[in-house]
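Throughout, protein chains are lettered first and strands after them, A, B, ... in sequence-line order, and every chain is numbered starting at 1. Because the structure is a prediction, the values reported are computed rather than measured.
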There are 2 protein chains.
Amino acid sequence: MNNLMPGQRRTTIKDVAESAGVGVATVSRVLSGGSASAETRERVLAAAARLDYRPSALGRNLRQQRTGGIGLLVPDITDSFYARLTDGVLSCARSYGEPVTLGVTGDDPEREAELIGTLIEQSMDRVIAVPSGDGEMWAPALRAGLNVVFADRRVRADVPGVVADDRAGLRTALEYLVGLGHRRIAFLGRHGQSQRVAAFTETLTSLGVPADPGLVVHARASRDSAYAAAAGLLQHRPDLTAVLAGGNMLGEAAVLAARELDVRIPRDLSLVMFDDVPWAELCSPPLTVIAQPAQDVGYRAAELVLRQGRRPRTVTLPTELVVRASCAPRR
Amino acid sequence: MNNLMPGQRRTTIKDVAESAGVGVATVSRVLSGGSASAETRERVLAAAARLDYRPSALGRNLRQQRTGGIGLLVPDITDSFYARLTDGVLSCARSYGEPVTLGVTGDDPEREAELIGTLIEQSMDRVIAVPSGDGEMWAPALRAGLNVVFADRRVRADVPGVVADDRAGLRTALEYLVGLGHRRIAFLGRHGQSQRVAAFTETLTSLGVPADPGLVVHARASRDSAYAAAAGLLQHRPDLTAVLAGGNMLGEAAVLAARELDVRIPRDLSLVMFDDVPWAELCSPPLTVIAQPAQDVGYRAAELVLRQGRRPRTVTLPTELVVRASCAPRR
DNA sequence: AACCATGCTGGAATCGTTTCCATGAACAAC
DNA sequence: GTTGTTCATGGAAACGATTCCAGCATGGTT
């Protein structure tokens, strides 16, 4: 069968070997930094350059029983927080020359499981995930030898993770709100943020404010769901005076819902949002936020998963309360 | 302490064959829908399920000389437009079960070339790209048999593409601005938007407004660069009365720069922004925008690159002018 | 009974790379 | 001159799948 395809056959290591007058083993050694005589090395390099040879990752990976590259699972790439996290991962991966395969889970455990399956099929051995389901779901992946690092959330103690110190950020924000006289403070969270919710109620109690379970609401990782949750909260509980939004999409939803229902920020309602985004400053009023180092979280997670030498437990990155104009004393 | 279990070798097709008492060829046939007797099929399926067998994509790809999956190259994943585009690609790819490998070019042709190299190394045969450099750069990739689809921009006539009809959107926006009495209208664009710039000057001329080259400014794909360009424009040309921002990041930069320089929108300056984003409505004032179907662009591009049967030339998707409150008659 | 058509099956080749191992040469030490 | 030792080197065996091809049984037709 001669080359009937317009796209000609890929140049292989064999072609290089032939062209350089050496064996394939020698070519492989030269190209991967093994030992070889200066003269041979030069001949091989010249031949490789002449033929524009690029080693096939397929062959290499099959032989070495591992696919290079990193799998990255986030709930929603449209969310600025996860986009920045992704950017951090990419920027670290680039310096290692590792490709990144992206999957969105939509905070749906079923989809997450499906994506994990795909990753295993691809023989990916490194994964960074913002987990949606419970930790159990990751057992098969770990058994398969997958190298997992969690980002933003942790659902298993035996898997390293990189998270922002939202507990501290939350405490600062709540102290601020309580100091302004607020007592009925709602938490508008996303599914999978159980830890954040727990921290919320604990901190509130420790500040002398009784917890009210009706003031904690959850949404899925989509704009519509966030809006529905925010609007529902504001309609059902007109008595609340402050809202803590657990993400930028939820904050956005809260602002929108408040406008729709003619609730004035900050006169009628104070709002603090997790995650600083560029538009928070552009918003009317500019939003007080708990800034999170999303990009760093991604970068550090990538570092962790790439330098798999030692296994640190968990990296916690600081958060910062940025006060703007969306909070006022309780009337 | 490594968590590598001894003897945890991956289960291969050979194991399944042995366990089912058939040859490997038969297993392969059964699993890929070939012909086999009902009894054999059942035995193989049972064995595969029992051993939790997953075919290795590596072996398959090596044999078939192609890596499944799609490579996606965008200038900046942090930009809402490209994030939505990416979301569209992922959502289409998911229904085909194809993994997506993401790379950010930062609108840098050099980085783009580097990423193309990586994709070829991975034997990726399908790529969706928002091209940054000129069309020449894609010649080697096309020669290597890569299946390329451009999104958002087109730089080669022989490569199919999916774009938004920004020419029409631009015309509508400019008619609106000119109708409000504006004459000195600036374009704040990004590198690689030469076509958009050309459309801008042409349209302006056709509306009877002389083009002023000094009113066209370019930025790279980063927030800092966008801000620098916007601030520079406003400082150097205090005579302009309207700005058309070529992307949401540029619009954001324009709003920020205007505030910083105490230029009031829309009293002193009218602003129209390409691409509708959720915060455009939250902004003060709410921004008039040319809405672009970013997600659809991604989805359609993925469809095009996956259904490589026929090769349509170009898909153009409609845009829409959404009038809010950032434009006013010229004083 | 002889023949062919049909359909299922498994051995073996193949994809492109890395890596093990044997070979042979050069050289030093005795 | 013989024996080790150290290199560079290339042949061949993996890796895990698909697929060609030949073998074999079955059943129908002459």
| request: Kindly state each residue pair satisfying ring-ring contact (aromatic ring centres under 6.0 Å, His included) with at least one member in residues 82-128 of chain A, sequence neighbours excluded. | output: none
| note | Residue pairs passing the side-chain hydrogen bond (donor to acceptor under 3.5 Å, both in side chains) test with at least one member in residues 33-58 of chain B, sequence neighbours excluded, are B:Ser19-B:Arg50, B:Ser37-B:Thr40, B:Glu39-B:Arg43
| task | Figure out the CG/C1' separation between A:Leu51 and C:dG16, and round it to whole Å. | result | 15 Å
| query | Is there a donor-acceptor pair under 3.5 Å between the side chain of A:Arg153 and the backbone N or O of A:Pro131? | reply | yes
| field | Derivation and outcome, side chain to side chain donor-acceptor pair (under 3.5 Å), residues A:Arg154 and A:Thr314 | value | CA-CA 9 Å; A:Arg154 306 197 66 209; A:Thr314 300; 2.6 Å; yes
| remark: To the nearest angstrom, the CD-P distance between B:Glu39 and C:dG7 comes to 19 Å
| request: Step by step, work out the salt bridge (charged side-chain N to carboxylate O under 4.0 Å, His left out) result for B:Arg220 and B:Asp107. | output: CA-CA 7 Å; B:Arg220 305 219 78 104; B:Asp107 255 340; over 6 Å; no
Would you list the protein and nucleotides 10-17 of chain D atom pairs, both N or O, that sit under 3.5 Å from each other?
residue	atom	partner	partner atom	Å
D:dG10	OP2	A:Gly23	N	3.0
D:dG10	OP2	A:Thr26	OG1	2.5
D:dG10	O5'	A:Gly23	N	3.4
D:dG10	N7	A:Arg29	NH2	2.9
D:dG10	O6	A:Arg29	NH1	3.1
D:dA14	N3	A:Arg63	NH1	3.2
D:dC15	O3'	A:Gln65	OE1	3.0
D:dC15	O3'	A:Gln65	NE2	3.4
D:dC15	O2	A:Arg63	N	3.4
D:dG16	OP1	A:Gln65	OE1	3.4
D:dG16	OP1	A:Gln65	NE2	3.1
D:dG16	N2	B:Gly59	O	3.2
D:dA17	OP1	B:Tyr53	OH	2.8
D:dA17	OP1	B:Ser56	N	2.7
D:dA17	OP2	B:Ile13	N	2.4
D:dA17	O5'	B:Tyr53	OH	3.3

